[in-house]
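Heavy-atom basis, side chains included; hydrogens, waters and symmetry copies ignored.
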Amino acid sequence: MTANCKRNALAALLLVLCLLLSFSIVSVSADDEATDPEEVTEAVADTEADTDAATTAETTAETSAGTNAEPEKVDHTKGIINLCVGAVILIALIVLAIIFRKKIPVWFRNVKSECGKIVWCPAGKLKKNTIVVVVIILAITVLIGILDFAFSKGLLLLSDLFH
């Protein structure tokens with residue numbers, strides 16, 4: 001393998017490890033419970049129907065249990081596994097940084113040198129292109145919003161027609 005191929009392989013490996021670390025951290029910080037829309041609808045309907053009964057039951061349970069009520073147990077296994085995976089990836093990144101400590105500054109100097117060779121377009125053209133991009137993004141956003149609204153209302157009207 002040539003030095004350039006080795007460098008590219010190292011950069012790809014470091015990128016993959018960084019992405020895995022970020023995915024692990026994101027999944028740990030995300031909410032563990034996914035909510036199903038049907039479950040939410042059923043829960044809302046049950047809550048509305050049983051509000052008085054639930055309030056009475058809670059009051060009775062609090063009175064009879066006193067302050068010795070057990071807290072709800074939460075399973076943290078998934079979070080612990082994700083943290084372990086993140087720790088292993090972080091350790092791998094640190095080991096790679098130690099192994100290639102002499103090549104990393106050279107790589108950063110090369111990146112800085114390459115960034116200096118970039119030819120930027122004139123400021124006027126940059127502003128014009130930026131405005132075009134923002135206008136197109138806004139137009140597509142409005143179009144998707146209108147279509148989403150129309151289809152959701154259309155589906156509701158169709159469901160009312162056939163019920």
Side-chain angles (χ1 to χ4, degrees), residues 1-48 51 72 74-163:
M1 251 188 181
T2 64
N4 195 19
C5 290
K6 287 181 182 179
R7 192 176 310 135
N8 289 341
L10 174 66
L13 178 64
L14 288 174
L15 179 64
V16 167
L17 288 174
C18 288
L19 287 172
L20 286 174
L21 178 64
S22 65
F23 290 152
S24 176
I25 291 171
V26 167
S27 65
V28 166
S29 63
D31 189 13
D32 287 342
E33 294 182 26
T35 56
D36 184 21
E38 293 177 10
E39 291 176 3
V40 171
T41 306
E42 290 173 7
V44 169
D46 290 344
T47 304
E48 290 173 355
T51 303
E72 185 178 320
V74 179
D75 185 24
H76 295 290
T77 309
K78 183 179 177 183
I80 292 171
I81 291 171
N82 285 334
L83 284 175
C84 291
V85 168
V88 168
I89 293 170
L90 186 61
I91 290 169
L93 285 172
I94 291 170
V95 168
L96 283 172
I98 291 171
I99 291 172
F100 296 105
R101 67 182 171 271
K102 292 180 182 177
K103 294 182 179 181
I104 292 174
V106 173
W107 183 76
F108 277 112
R109 278 193 296 274
N110 290 338
V111 168
K112 185 178 179 183
S113 169
E114 290 298 321
C115 286
K117 297 176 185 176
I118 296 173
V119 178
W120 298 99
C121 63
K125 187 173 182 179
L126 181 65
K127 286 180 184 178
K128 181 182 173 185
N129 290 344
T130 303
I131 291 171
V132 168
V133 168
V134 169
V135 167
I136 290 173
I137 289 173
L138 289 174
I140 291 174
T141 303
V142 169
L143 177 66
I144 290 174
I146 290 170
L147 289 174
D148 180 49
F149 179 76
F151 284 129
S152 64
K153 292 299 179 183
L155 286 175
L156 289 174
L157 290 173
L158 281 175
S159 67
D160 289 343
L161 259 174
F162 291 111
H163 272 236

Test of understanding: with side chain to side chain donor-acceptor pair (under 3.5 Å), list the residues that count as partners of K112, not counting sequence neighbours. none
Qualifying residues under side chain to side chain contact (heavy atoms under 4.5 Å, CB included), relative to V106, sequence neighbours excluded: R109, N110
Would you list the atom pairs, donor with acceptor, under 3.5 Å between side chains in residues 147-160 and any protein atom, with sequence neighbours excluded?
unit_1	atom_1	unit_2	atom_2	d
S152	OG	D148	O	3.1
S152	OG	F149	O	2.9
S159	OG	L155	O	3.3
S159	OG	L156	O	2.7

Side chain to side chain contact (heavy atoms under 4.5 Å, CB included) evaluation trace for R101 with I98: CA-CA 5 Å; R101 67 182 171 271; I98 291 171; 3.6 Å; yes
Can you sort out the partners of T141 under side chain to side chain contact (heavy atoms under 4.5 Å, CB included), two or more places apart, ordered by chain and number? I137
CG on L143 to CG on L138, rounded to 0.5 Å: 12.5 Å
Under the rule for side chain to side chain contact (heavy atoms under 4.5 Å, CB included), what residues qualify as partners of V95, not counting sequence neighbours? I91, I99
Partners meeting salt bridge (Lys or Arg N to Asp or Glu O under 4.0 Å) with K125 (sequence neighbours left out): none
Going by side chain to side chain contact (heavy atoms under 4.5 Å, CB included), name the residues that satisfy it together with I144, two or more places apart in sequence or in a different chain. I140
